[in-house]
Amino acid sequence: MQEFLIHPEFTLTLIWKNNLIEKTLLQPADSGTTSCMKTSPRPSRALGNLYRHYLNREPLHPEIPLAWKNMPPFRARVLRTLFWLVPWGRIMTYSGLAAMAGNPGAARAVGTAMACNPWPVIIPCHRVIRADRGLGGFSCGTELKKKLLALEDIIL
DNA sequence: TCAGTGACTATAG
DNA sequence: ACTATAGCCACTG
């Protein structure tokens, strides 16, 4: 089952399987979209939560049902750490996140973990930047990363 | 087991 | 500020 969050800057698709969010798909808004947000009909609790996250910065609920099965251990630790430690409007470096996840030297592996993040936006990998304040990479395009950060009043 | 890979980083020109 | 480079680590085939 799929459902959508339509935002002026992006569309987020939640892909559900066995009552768990298997992954999210993120794509930049195509030109000429609406100026307000909307969701697909009968949104799940998680989607409602995401809607209000972008509407009025409501924190994401810690129990969003994500399908963690088969995630390699370090990547899971990194993603969980990111979810818990970096809320709306905050940023973290790859190396900082590596340290918080318990392995200070693993900045590069954190980058790989971000690249493999199955749940962009829910797990806020757009809030992870380089130690030199550079933007770093983004699977869905660095332009979108910049816009997501701008929504949170973060300018690099 | 091991070589290859990459959303990194510190350092040197 | 930019480029090159060597070191770094978890994960993969």
Side-chain angles (χ1 to χ4, degrees), chain A residues 2-18 20-31 33 37 46-47 49-55 57-156:
Chain A
Q2 298 186 178
E3 55 181 352
F4 306 93
L5 174 65
I6 313 292
H7 182 280
E9 297 292 357
F10 63 86
T11 296
L12 186 71
T13 305
L14 270 53
I15 299 178
W16 290 81
K17 191 176 181 181
N18 302 325
L20 295 174
I21 301 174
E22 187 174 52
K23 60 181 175 175
T24 63
L25 300 181
L26 176 62
Q27 50 191 299
D30 21 67
S31 56
T33 43
M37 270 194 301
L47 189 62
N49 191 185
L50 281 164
Y51 177 85
R52 292 185 302 276
H53 186 61
Y54 276 94
L55 184 70
R57 306 187 176 191
E58 173 180 309
L60 290 186
H61 198 278
E63 293 149 33
I64 291 179
L66 303 179
W68 291 97
K69 192 189 291 187
N70 294 335
M71 169 91 43
F74 178 74
R75 289 181 187 173
R77 223 164 59 237
V78 166
L79 293 182
R80 289 184 189 281
T81 303
L82 175 58
F83 182 84
W84 281 102
L85 265 48
V86 187
W88 181 283
R90 304 288 303 278
I91 55 177
M92 168 85 38
T93 63
Y94 294 96
S95 50
L97 181 53
M100 298 311 291
N103 197 338
R108 195 160 189 179
V110 164
T112 305
M114 297 300 99
C116 299
N117 175 17
W119 310 285
V121 175
I122 295 181
I123 305 287
C125 58
H126 60 283
R127 298 182 187 136
V128 183
I129 65 168
R130 296 178 52 105
D132 60 7
R133 301 282 301 182
L135 185 60
F138 199 59
S139 302
C140 312
T142 54
E143 283 309 307
L144 183 52
K145 183 174 185 176
K146 222 179 297 182
K147 285 180 177 174
L148 289 173
L149 289 173
L151 287 173
E152 306 184 16
D153 304 316
I154 296 165
I155 311 294
L156 305 180

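Since the structure is predicted, the reported quantities are computational estimates derived from the model, not experimental observations. Every chain is numbered from 1 and lettered A, B, ... according to where its sequence line falls, protein lines coming before strand lines.
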Q: Would you classify N103(A) as touching base, sugar-phosphate or nothing, given that sugar-phosphate means primed atoms plus P, OP1 and OP2, and contacts are heavy atoms under 4.0 Å?
A: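 Sugar-phosphate only.
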Q. Roughly how many Å is it from CZ in R75(A) to C1' in dT5(B), rounded to a whole number?
A.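 After rounding, the gap between these two atoms is 11 Å.
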Q: Using whole Å, report how far CZ of R133(A) lies from P of dC2(C).
A: 16 Å
Q: Provide the closest heavy-atom pair for W119(A) versus K23(A) in the form atom of the first, atom of the second, distance.
A: CD1-CA, 3.6 Å
Q: Kindly give the heavy-atom pair with the smallest separation between H7(A) and L151(A), and that separation in Å.
A: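 Looking at all heavy atoms of both residues, the closest pair is CE1-CD1, 3.5 Å.
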Q: Please report, rounded to the nearest Å, how far the P atom of dA7(B) is from the CG atom of L156(A).
A: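 Roughly 18 Å, once rounded to whole Å.
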Q.
Does A131(A) reach a base, just sugar-phosphate, or nothing at all? Heavy atoms under 4.0 Å.
A.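 Sugar-phosphate, no base atom in range.
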(Q) Quick check: closest heavy atoms across P62(A) and F83(A), and the distance to 0.1 Å? (A)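 In this case the closest contact between P62(A) and F83(A) is CA-CE2, 3.8 Å.
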Q: Nearest whole angstrom, please: distance from the C1' of dC8(B) to the CE of M100(A).
A: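 Going from M100(A) (CE) to dC8(B) (C1'), I get 18 Å.
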Q) Testing T13(A), T11(A), L50(A), L14(A) for side chain to side chain contact (heavy atoms under 4.5 Å, CB included) with L5(A), which one passes? A) L50(A)
Q. Between Y94(A) (OH) and dA10(C) (P), how many Å, whole number?
A. 18 Å
Q.
Whole angstroms only, please: what is the CG-C1' distance between L148(A) and dA7(B)?
A.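 Distance, rounded to whole Å: 14 Å.
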Q: With the side chain of A106(A) defined as its heavy atoms from C-beta on, choose the nearest nucleotide among dC8(B), dC9(C), dA7(B).
A: dC9(C)
**Q.** Distance, nearest 0.5 Å, that separates CD of E143(A) from CG of L135(A)
**A.** 8.5 Å
Q.
Just the rounded figure in Å: distance from P of dT9(B) to CG of L97(A).
A. 11 Å
Q.
Considering every strand and a 4.0 Å limit on heavy-atom distances, what is the contact class for C116(A): base, sugar-phosphate, or nothing?
A. nothing
Q: Consider the side chain of P72(A), meaning its heavy atoms from C-beta on, and name the nucleotide among dA7(B), dT9(B), dC11(C) that approaches it most closely.
A: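 Closest of the options to the side chain of P72(A): dC11(C).
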(Q) Distance check needed: dT11(B) P versus D132(A) CG, whole Å only. (A) 13 Å
Q) What does S95(A) touch in the nucleic acid at a heavy-atom separation under 4.0 angstrom: a base, only the sugar-phosphate, or nothing? A)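 Sugar-phosphate, backbone atoms only, no base.
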Q) Ignoring hydrogens and angles, does a donor from either the side chain of S139(A) or the base of dA7(B) sit under 3.5 Å from an acceptor on the other? A) yes
(Q) As a test of reading the structure: which of dA7(B), dC8(C), dT12(C) is closest to the side chain of R108(A), going by heavy atoms? (A)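 Of dA7(B), dC8(C), dT12(C), dC8(C) is nearest to the side chain of R108(A).
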Q. So what does F74(A) touch, heavy atoms closer than 4.0 Å: a base, only the sugar-phosphate, or nothing?
A.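 Touches sugar-phosphate only.
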